[in-house]
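Every number for a ligand or one of its atoms is a count from 1 in the order of the listing.
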Amino acid sequence: MATVPRPQTLVVKIGTSSLTQGKSGYLALSTIARLVETLSRLRQQDHRVILVSSGAMGVGCVRLGLSERPRTIAMKQAVAAVGQGRLMRVYDDLFSALSQPIAQVLLTRSDLEQRSRYVNSYRTFRQLTQLGIIPIVNENDTVAIEELKFGDNDTLSALVASLVGADWLFLLTDVDRLYSADPRHHADAHPIHQVDKLKQLEDLQIVVGDRGSQWGTGGMATKLEAARIATAAGIRMAITEGRHPENIEKILAGEPLGTQFAPHPRPNNARKRWIANSLVPTGRLYLDAGAVQAIRQGGKSLLAAGITQVTGEFQRRDAVQLCDVNGQEVARGIVNYDSQELHQIRGCRSDQIPEVLGYEGADTVVHRDNLALEPEAD
Ligand SMILES: Nc1ncnc2c1ncn2[C@@H]1O[C@H](COP(=O)(O)OP(=O)(O)O)[C@@H](O)[C@H]1O
Ligand SMILES: N[C@@H](CCC(=O)OP(=O)(O)O)C(=O)O
């Protein structure tokens, strides 16, 4: 097997559709064993490896004899609690056979939203990988409430890859790559091998279903959202077949397998990566052309004068999307005013703000240190 020159940080996500056998939902043991062998080999080559594994819900359902995903939150949480333990037991048995230590990391959205918890999560991953351990990550489905969920592990894996500053994100699924339409329903769909810019997919009018397989979540739509997050964070991404985890080594060695997504230049400011990816925006500010130019080309802070419209309800220090006149997102940032205040001061010069609000506020609506530009906004 070809080896890759320098040790890299690799995040590998495997979906339920690859971990389980179609109709019965039983574990796909040979796939899991091959995945364990591949990841252990990559560790032996000194790569830092993080596995994001779905499957808690699917495994829990089979254990409890359920034939479809539960609908109520309480039931989902109970089923995931059953499945997660069983899944980790299988991983631990197989990795232990190869003397590869593993650790379980269960995350909720708030672990990555709050800056201090984000930094703490980063330190945990760094310590684990420095010790040569493979962290196995899943959403903490048992406690996560609906509003605070990542919702799917494609997004979670991209956020973890961004958090640790990974070189590669591999999404292992039950199709060998992205197609122009869902190959299950469109026999004539053609394969997409390489994506240099995500906009290319819009131009090609790619149709991605948001329905996954029986136990999967999000289908291809969430994989493209993962691609948006990962490539913007400067991470290469590949979608490839879960039944052949050894493809990871071939892709690292330069083979054109699966669908590969080229990264944007890596933003070298970790705080801005956090703002761009981990915070969930709760409102939108529409900017005039001058303000868009000032923040994009001039690297300036956003002032109230350049805001034409405010939507959503948000508090000070919340994240918002900054959009041009066409509604195209150009940046994300943390606001110094809440939505009520911004309705009053939009379009005002900074020196008019104290008079309008009746108190002294910040000079900027979004300071440039709290503003992360969207790389594909051109
Ligand atoms: N354009 C597309 N190209 C490839 N697969 C697609 C596309 N649109 C939808 N899909 C579906 O997405 C499914 C994979 O998503 P999902 O079941 O959520 O996988 P996982 O469990 O690996 O996350 C495929 O089985 C396929 O039917
Ligand atoms: N956290 C859930 C996984 C949700 C999910 O995204 O599933 P999948 O689409 O199979 O990757 C579980 O463990 O069942």
- So do Leu357 and Gln344 actually touch side chain to side chain, heavy atoms under 4.5 Å? yes
- Hey, is Asn138 touching ligand 2 through its side chain, its backbone, both or neither, going by heavy atoms under 4.0 Å? side chain
- Honestly curious: do Leu128 and Ile50 fall in one hydrophobic cluster under the side-chain, below-4.5 Å linking rule? yes
- Query: Do any N/O atoms on Thr16 end up under 3.5 angstrom from N/O atoms on ligand 2?
  - Reply: yes
- Query: If only atom types and distance count, is the side chain of Thr20 paired as donor or acceptor with the main-chain N or O of Tyr26 below 3.5 Å?
  - Reply: no
- Is the backbone N or O of Ser18 less than 3.5 Å from a side-chain atom of Arg243, with the two atoms forming a donor-acceptor pair by type? no
- Query: When you look for heavy atoms under 4.0 Å from ligand 1, do you find them on the side chain of Arg184, its backbone, both, or neither?
  - Reply: side chain
- Message: Once you restrict to heavy atoms under 4.0 Å, what part of His186 touches ligand 1? Side chain, backbone, both or neither.
- Response: neither
- Message: Using a 4.0 Å cutoff against the non-hydrogen atoms of Asp174, which atoms of ligand 1 qualify?
- Response: 13 (C), 14 (C), 24 (C), 25 (O)
- Message: Can you name the atoms of ligand 2, numbered from 1 with element, that are less than 4.0 Å from a heavy atom of Gly15?
- Response: 10 (O), 11 (O)
- Message: Does any part of the side chain of Ile248, heavy atoms only, come nearer than 4.5 Å to the side chain of Trp168, both counted from C-beta?
- Response: no
- Between Gln328 and Glu374, is any pair of side-chain heavy atoms under 4.5 Å apart? no
- Proximity of Ala189 to ligand 1 by residue part, where a heavy atom lies under 4.0 Å: neither
- Query: Which ligand 2 atoms are under 4.0 Å away from a heavy-atom of Lys13?
  - Reply: 8 (P), 11 (O)
- Item | Heavy-atom gap Arg177 to ligand 1 smaller than 4.0 Å | yes
- Note on the structure: Under 4.0 Å from one or more heavy atoms of Ala181, ligand 1 contributes atoms 1 (N), 2 (C), 3 (N)
- Message: If the cut-off is 4.0 Å to any non-hydrogen atom of Gly55, which atoms of ligand 2 fall inside it?
- Response: 12 (C), 13 (O), 14 (O)
- Does any non-hydrogen side-chain atom of Gln84 lie less than 4.5 Å from one of Arg89? no
- Query: At a 4.0 Å threshold, what atoms of ligand 2 neighbour a non-hydrogen atom of Ser54?
  - Reply: 3 (C), 5 (C), 7 (O), 8 (P), 10 (O), 11 (O), 13 (O)
- Message: For a 4.5 angstrom cut-off between non-hydrogen side-chain atoms, does Lys223 reach Thr173?
- Response: yes
- So is Gln84 in contact with ligand 2, going by heavy-atom distances below 4.0 Å? no
- Message: Is it the case that ligand 1 has an N or O less than 3.5 angstrom from some N or O of Ser180?
- Response: no
- Query: Would you call Asp167 and Arg6 a salt bridge, taking side-chain N to carboxylate O under 4.0 Å as the test?
  - Reply: yes
- Note on the structure: The answer for which part of Val207 has a heavy atom under 4.0 Å from ligand 1 is backbone
- With a cut-off of 4.0 Å, which atoms of ligand 1 are near a heavy atom of Lys13? 23 (O)
- Message: If hydrophobic clusters are built from ILVMFWY residues whose side chains come within less than 4.5 Å, do Leu371 and Val365 share one?
- Response: yes
- Looking at Thr16, which atoms of ligand 1 are within less than 4.0 Å of one of its heavy atoms? 21 (O)
- Looking only at distances, please establish whether an N/O atom of ligand 2 is found under 3.5 Å from an N/O atom of Gly58. no
- With backbone taken as N, CA, C and O and side chain as the heavy atoms from C-beta onward, which portion of Asn153 lies under 4.0 Å from ligand 2: side chain, backbone, both, or neither? both
- Query: Can you check whether Val175 has an N/O within less than 3.5 Å of an N/O in ligand 1?
  - Reply: no
- Just jot down the ligand 1 atoms closer than 4.0 angstrom to any heavy atom of Lys223, in number order. 15 (O), 18 (O), 19 (O), 20 (P), 22 (O), 23 (O)
- Are Val325 and Ile307 joined in one hydrophobic group, where the rule is that I, L, V, M, F, W and Y side chains link up if heavy atoms are under 4.5 Å apart? no
- Task: Provide the number and element of each atom of ligand 2 under 4.0 Å from a heavy atom of Asp152.
- Result: 6 (O)
- Message: Could you tell me, atom by atom, which parts of ligand 2 come under 4.0 Å of a heavy atom of Met57?
- Response: 12 (C), 13 (O), 14 (O)
- Message: Just so I know, are the side chains of Ser157 and Leu171 near enough to count as touching, which here means a heavy-atom distance under 4.5 Å?
- Response: yes
- Using the side-chain contact (heavy atoms from CB on, under 4.5 Å) rule, take Asp141 and Val79 through it: C-alpha gap first, then chi angles, then the decisive distance, then the call. CA-CA 9 Å; Asp141 296 303; Val79 169; over 6 Å; no
- So do Ile353 and Val356 actually touch side chain to side chain, heavy atoms under 4.5 Å? no
- Note on the structure: Of Ala221, Gly242, Gly219, the one whose closest heavy atom lies nearest atom 15 (O) of ligand 1 is Gly219
- Query: Which atoms from ligand 1 have a heavy atom of Thr173 less than 4.0 Å away?
  - Reply: 14 (C), 19 (O), 20 (P), 22 (O)
- With a 4.0 Å cut-off on heavy atoms, does Ser18 reach ligand 1? no
- Give yes or no for whether the N/O distance cutoff of 3.5 Å, strictly under, is met between Asp141 and ligand 2. yes
- Message: Less than 3.5 Å apart, any donor N or O on the side chain of Asp93 or Ser96 sitting next to an acceptor on the other?
- Response: no
- Query: Side-chain contact, heavy-atom cut-off 4.5 Å: Ile235 with His264?
  - Reply: no
